[in-house]
Amino acid sequence: MARESKKFPNLIIVDHPLVQHKLTLMRMKTTTRGDFRQLLKEIGMLMTYELTRDYKTHSVNIETPVAKMKGEVLSGKKTTVVPILRAGLAMADGVMEIMPRARMGQIGLYRDQETRRPVEYMVKLPPVENRRFILVDPMLATGGSAAHAARILTTHGVAPHDIQFMALVSAPEGVREFHTKHPDIVVYTAALDEKLNEKAYIVPGLGDAGDRIYGT
Ligand code: PRP
Ligand code: URA
């Protein structure tokens, strides 16, 4: 279950009850690190259903133990999952659980504490030709990290329509910034929160995702 946002174009809110339930558990400050990580992975799995809704299939002839039949299998471009480190990795684990044959790249970014701008420390991508990409990061706050990561993909030659961005919680400021830079990339998020605070944290949000996952 998902709906288009009324506030922003190219923003899909994944409002499935299971996703919303798990997100609420994640938001609670009493949720343990282990539970937080597990819930993030589970939401990554569930959101994958929505992101892949329009994937094409073609029929193949198969034989069950009982009879011959035509079955549907995925066709078209293969998928590469690209988490933005660190927090994106735990969510991408869920995506990979559903699509175990997908390839995975990594983009390592952290937000400079003073400037709040992303600092790049690692890019590792498989060949991009004839593939589509799911960029994964639980937090879309100022949008700087997501926009930077998407630019890395496009400068490697990936067309914007071959990129989808999976975020868990988004701030309106981040969606706006991301779509200013990448208007054609669809953002899928479980929640569009209220705002950013003075430290550029999402309100109400869930705190620092990387710290809650890794205990830093
Ligand atoms: C978090 C989050 C995003 C970024 C979002 O990462 O995982 O990558 O902040 O903020 P932005 O939209 O304002 O750029 P962080 O920089 O804390 O790094 P970490 O995941 O390694 O902890
Ligand atoms: N990064 C996080 O992990 N949380 C926020 O609220 C903002 C950026």
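Ligands are counted one by one from 1 in listed order, and the atoms in each one are counted from 1 as well.
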Relative to the heavy atoms of [X], which atoms of ligand 2 are at a distance of less than 4.0 Å?
{"X": "A200", "result": "7 (C)"}
{"X": "A209", "result": "2 (C), 3 (O)"}
{"X": "R111", "result": "7 (C), 8 (C)"}
{"X": "I202", "result": "5 (C), 6 (O)"}

For R111 versus A200, what's the shortest heavy-atom pair and its separation?
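Minimum heavy-atom contact is NH1-O, 3.0 Å.
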Start with the C-alpha distance between T154 and I163, add both sets of side-chain angles, then the distance that settles side-chain contact (heavy atoms from CB on, under 4.5 Å), and finish with yes or no.
CA-CA 9 Å; T154 56; I163 305 172; 4.0 Å; yes
Around [X], counting heavy atoms of other residues, nucleotides and ligands shown, do more than 12 lie under 6.0 Å from its [atom1]?
{"X": "E72", "atom1": "CD", "result": "yes"}
{"X": "Y55", "atom1": "OH", "result": "yes"}
{"X": "K77", "atom1": "NZ", "result": "yes"}
{"X": "E4", "atom1": "CD", "result": "no"}
{"X": "Y214", "atom1": "OH", "result": "yes"}

Between V136, L85, D137, flag the one that comes closest to atom 8 (O) of ligand 1 by a heavy atom.
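Among V136, L85, D137, the closest heavy atom to atom 8 (O) of ligand 1 belongs to D137.
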Nearest heavy atom to atom 17 (O) of ligand 1 wins, so pick from D208, I213, D211.
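Nearest option to atom 17 (O) of ligand 1, by heavy atoms: D208.
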If you round to the nearest 0.5 Å, how far is CE of M26 from CG of L168?
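These two atoms lie 5.0 Å from each other.
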Would you compute the distance between atom CG of D93 and atom CZ of R37 and round it to the nearest 0.5 angstrom?
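If I round to the nearest 0.5 Å, the distance is 9.0 Å.
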Any protein heavy atom lying closer than 4.0 Å to atom 1 (C) of ligand 1?
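When distances to the protein are checked, atom 1 (C) of ligand 1 has no heavy atom within 4.0 Å.
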Hey, which atoms in ligand 1 end up nearer than 4.0 Å to a heavy atom of G210?
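Close to G210: 22 (O).
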Could you tell me which atoms of ligand 1, counted from 1 in the order shown, lie closer than 4.0 angstrom to a heavy atom of A87?
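Every atom of ligand 1 under 4.0 Å from some heavy atom of A87: 7 (O), 20 (O).
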Nearest non-hydrogen protein atom, [atom]:
{"atom": "atom 5 (C) of ligand 1", "value": "M139 O, 3.4 Å"}
{"atom": "atom 21 (O) of ligand 1", "value": "R86 NE, 2.9 Å"}
{"atom": "atom 15 (P) of ligand 1", "value": "R111 N, 4.2 Å"}
{"atom": "atom 5 (C) of ligand 2", "value": "Y201 CD2, 3.3 Å"}

Check this for me, if you would: do E173 and R176 make a salt bridge, where the nitrogen-to-carboxylate-oxygen distance has to be below 4.0 angstrom?
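The answer is no: the pair does not qualify as a salt bridge.
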Before signing off on this row, confirm whether [X] and ligand 1 have an N or O atom pair separated by under 3.5 Å.
{"X": "S145", "answer": "yes"}
{"X": "A141", "answer": "yes"}
{"X": "Y110", "answer": "no"}
{"X": "P138", "answer": "no"}

May I ask whether G143 has any heavy atom positioned less than 4.0 angstrom from an atom of ligand 1?
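Right, G143 reaches ligand 1.
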Location of contacts on T142 toward ligand 1, heavy atoms closer than 4.0 Å
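Contact part for T142 vs ligand 1: both backbone and side chain.
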Part of A141 with heavy atoms under 4.0 Å of ligand 2, whether side chain, backbone, both or neither:
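Near ligand 2, A141 shows its side chain, while the N, CA, C and O stay back.
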Sub-4.0 Å heavy-atom contact, [X] with ligand 2:
{"X": "G207", "result": "yes"}
{"X": "A171", "result": "no"}
{"X": "R212", "result": "no"}

Take K22 and D35 through the salt bridge (Lys or Arg N to Asp or Glu O under 4.0 Å) test and state the conclusion after the steps.
CA-CA 10 Å; K22 290 173 192 292; D35 286 348; over 6 Å; no
Report the C-alpha distance between T189 and L140 in whole Å, list the side-chain angles of each, state the deciding distance to 0.1 Å, and finish with yes or no for side-chain contact (heavy atoms from CB on, under 4.5 Å).
CA-CA 9 Å; T189 191; L140 180 59; over 6 Å; no
